[in-house]
Amino acid sequence: MASAATIRFAMGILGNIISLFLFLSPVPTFIKICKKGSVEEFSPMPYLATFVNCMLWVLYGMPFVNPNSTLVITINGAGCVIELVYLLLFVFYSNDKKKRLKVIVISILEVIAVGVLAALVLSVAHGTKRRSRIVGMLAIICNVMMYAAPLSVMKMVITTKSVEYMPFSISLASLANGIAWSIYAIHPFDPYIAAPNGLGTLFALAQLILYATYYNSTKKQKAAKAKSEMGLAEVVVVHDNKVSKVSSKGIAPDGQ
């Protein structure tokens with residue numbers, strides 16, 4: 001029978017893999033940005049929030065804060081690099097100088113804030129138990145604030161009765177990610193990892209329930225939209241007592 005340490009390690013590896021998939025999920029968005037040469041109306045705020053969140057968890061996983069948390073450092077370190085790349089792309093492709101400056105300033109302030117926190121934790125808080133409590137609570141608060149995004153998506157699904165903008169793969173991966181890290185946090189018990197991931201599991205489960213609830217109505221909406229677009233593609237025009245049909249192929253007299 002596998003030991004608790006082996007299960008913890010396996011769940012940590014699985015959590016790393018799934019989290020990496022979630023970190024890379026915005027790649028198609030940035031491919032569009034690169035092709036168009038502009039960020040258009042895309043907001044940098046989710047990436048700024050994830051950037052500081054990853055930095056906090058890297059700090060939390062450090063041996064002088066919470067020993068034996070290497071797998072927490074690896075995935076959040078990777079997350080920091082990925083989010084930094086996203087932010088650099090935002091700066092490069094932003095046509096708005098104010099928006100560009102805002103992203104740069106906030107990013108620098110986040111790095112400084114986490115650096116100051118690390119210095120304070122090392123100098124003021126003595127012992128890993130106290131340090132992990134301080135950094136862990138701040139990381140939980142940051143995580144909870146990030147859950148505003150899935151909540152807004154869930155609200156939109158309920159309002160529109162459509163899951164078109166709530167990808168099934170992301171919701172399923174979020175559920176698996178939450179479960180993996182929740183199991184990872186069981187032994188030895190780590191409340192600062194268990195709490196946000198337990199909450200994340202519940203949110204992901206709620207998203208999947210909504211997906212199952214509104215899947216059929218989404219199909220009906222898409223079918224109705226497609227039918228409407230097909231109807232607009234062909235318009236009847238009357239001229240010189242002749243009936244013609246205007247379609248994407250041009251004008252053709254009726255009967256030809």
Side-chain angles (χ1 to χ4, degrees), residues 1-25 46-88 106-147 173-201 204:
M1 186 176 177
S3 65
T6 303
I7 295 172
R8 174 184 169 87
F9 180 76
M11 289 299 103
I13 293 294
L14 180 61
N16 269 246
I17 295 169
I18 300 171
S19 295
L20 184 61
F21 167 77
L22 291 171
F23 282 137
L24 293 174
S25 61
Y47 310 105
L48 287 166
T50 306
F51 182 52
V52 71
N53 184 63
C54 286
M55 285 193 291
L56 282 172
W57 283 111
V58 168
L59 178 59
Y60 178 80
M62 289 294 179
F64 54 81
V65 175
N66 192 46
N68 304 315
S69 300
T70 305
L71 292 174
V72 175
I73 297 174
T74 54
I75 187 55
N76 286 287
C80 284
V81 174
I82 293 168
E83 299 304 320
L84 184 59
V85 170
Y86 292 156
L87 292 171
L88 287 172
I106 293 176
S107 298
I108 293 172
L109 288 175
E110 287 180 345
V111 173
I112 292 172
V114 175
V116 170
L117 175 63
L120 288 172
V121 164
L122 281 171
S123 59
V124 177
H126 301 291
T128 56
K129 189 174 181 180
R130 184 172 294 179
R131 290 170 182 170
S132 62
R133 186 186 304 127
I134 295 169
V135 180
M137 286 302 298
L138 289 172
I140 286 177
I141 292 169
C142 189
N143 263 102
V144 170
M145 289 172 67
M146 287 179 66
Y147 286 137
S174 297
L175 177 66
N177 187 61
I179 292 172
W181 284 110
S182 295
I183 295 172
Y184 172 88
I186 290 175
H187 186 78
F189 183 64
D190 189 328
Y192 308 109
I193 292 178
N197 284 288
L199 189 60
T201 300

Open item on the list: I need the full list of ring-ring contact (aromatic ring centres under 6.0 Å, His included) pairs touching residues 3-23, with sequence neighbours left out, sorted by first then second residue.
Closed with: none
Let me have the donor-acceptor pairs involving side chains of residues 70-77, under 3.5 Å, with sequence neighbours excluded, atom names and distances please.
{"unit_1": "Thr74", "atom_1": "OG1", "unit_2": "Asn16", "atom_2": "OD1", "d": "2.7"}
{"unit_1": "Thr74", "atom_1": "OG1", "unit_2": "Leu71", "atom_2": "O", "d": "3.0"}
{"unit_1": "Asn76", "atom_1": "ND2", "unit_2": "Val72", "atom_2": "O", "d": "2.8"}

Task: Atom pair OG1/CG of Thr50 and Asn143 - distance to nearest 0.5 Å - done: 9.5 Å
- [ ] Over all heavy atoms of both residues, which pair between Arg8 and His187 is shortest? Give the atoms and the distance, please.
- [x] CD-O, 3.4 Å
TODO: Please report the closest heavy-atom contact between Ala173 and Ile18, naming both atoms and the distance.
DONE: O-CG2, 3.2 Å
- [ ] For the residue pair Val144 and Pro196, establish whether any side-chain heavy-atom pair is separated by less than 4.5 Å.
- [x] no
Open item on the list: Which residues pass the ring pair (Phe, Tyr, Trp, His ring centres under 6.0 Å) test with Tyr184, not counting sequence neighbours?
Closed with: Trp181
Open item on the list: So, using side-chain contact (heavy atoms from CB on, under 4.5 Å) as the criterion, who are the partners of Ala195 when residues are at least two apart?
Closed with: Ile140
- [ ] Could you list the residues that satisfy side-chain contact (heavy atoms from CB on, under 4.5 Å) with Ala204, not counting sequence neighbours?
- [x] Ser174, Leu175
- [ ] Could you tell me which residues satisfy ring pair (Phe, Tyr, Trp, His ring centres under 6.0 Å) with Tyr47, sequence neighbours excluded, listed by chain and number?
- [x] Phe30, Tyr86, Phe90
Task: Pairs satisfying side chain to side chain donor-acceptor pair (under 3.5 Å), at least one member in residues 116-137, at least two apart - done: none
TODO: Could I get the full list of side-chain contact (heavy atoms from CB on, under 4.5 Å) partners for Cys142, not counting sequence neighbours?
DONE: Val52, Asn53, Leu56
TODO: Return the set of residues passing side chain to side chain donor-acceptor pair (under 3.5 Å) with Thr6 (not counting sequence neighbours), or none when no residue passes.
DONE: Ser3
TODO: Could I get the full list of side chain to side chain donor-acceptor pair (under 3.5 Å) partners for Asp190, not counting sequence neighbours?
DONE: Tyr60, Asn66
Task: Side-chain donor-acceptor contact under 3.5 Å, Ser182 with Asn197 - done: no
- [ ] Identify, with sequence neighbours excluded, every residue that meets side-chain contact (heavy atoms from CB on, under 4.5 Å) alongside Val111.
- [x] Phe51, Met55
- [ ] Find out whether Leu20 and Ile82 are in side-chain contact, i.e. whether some heavy atom of one side chain is under 4.5 Å from a heavy atom of the other.
- [x] yes
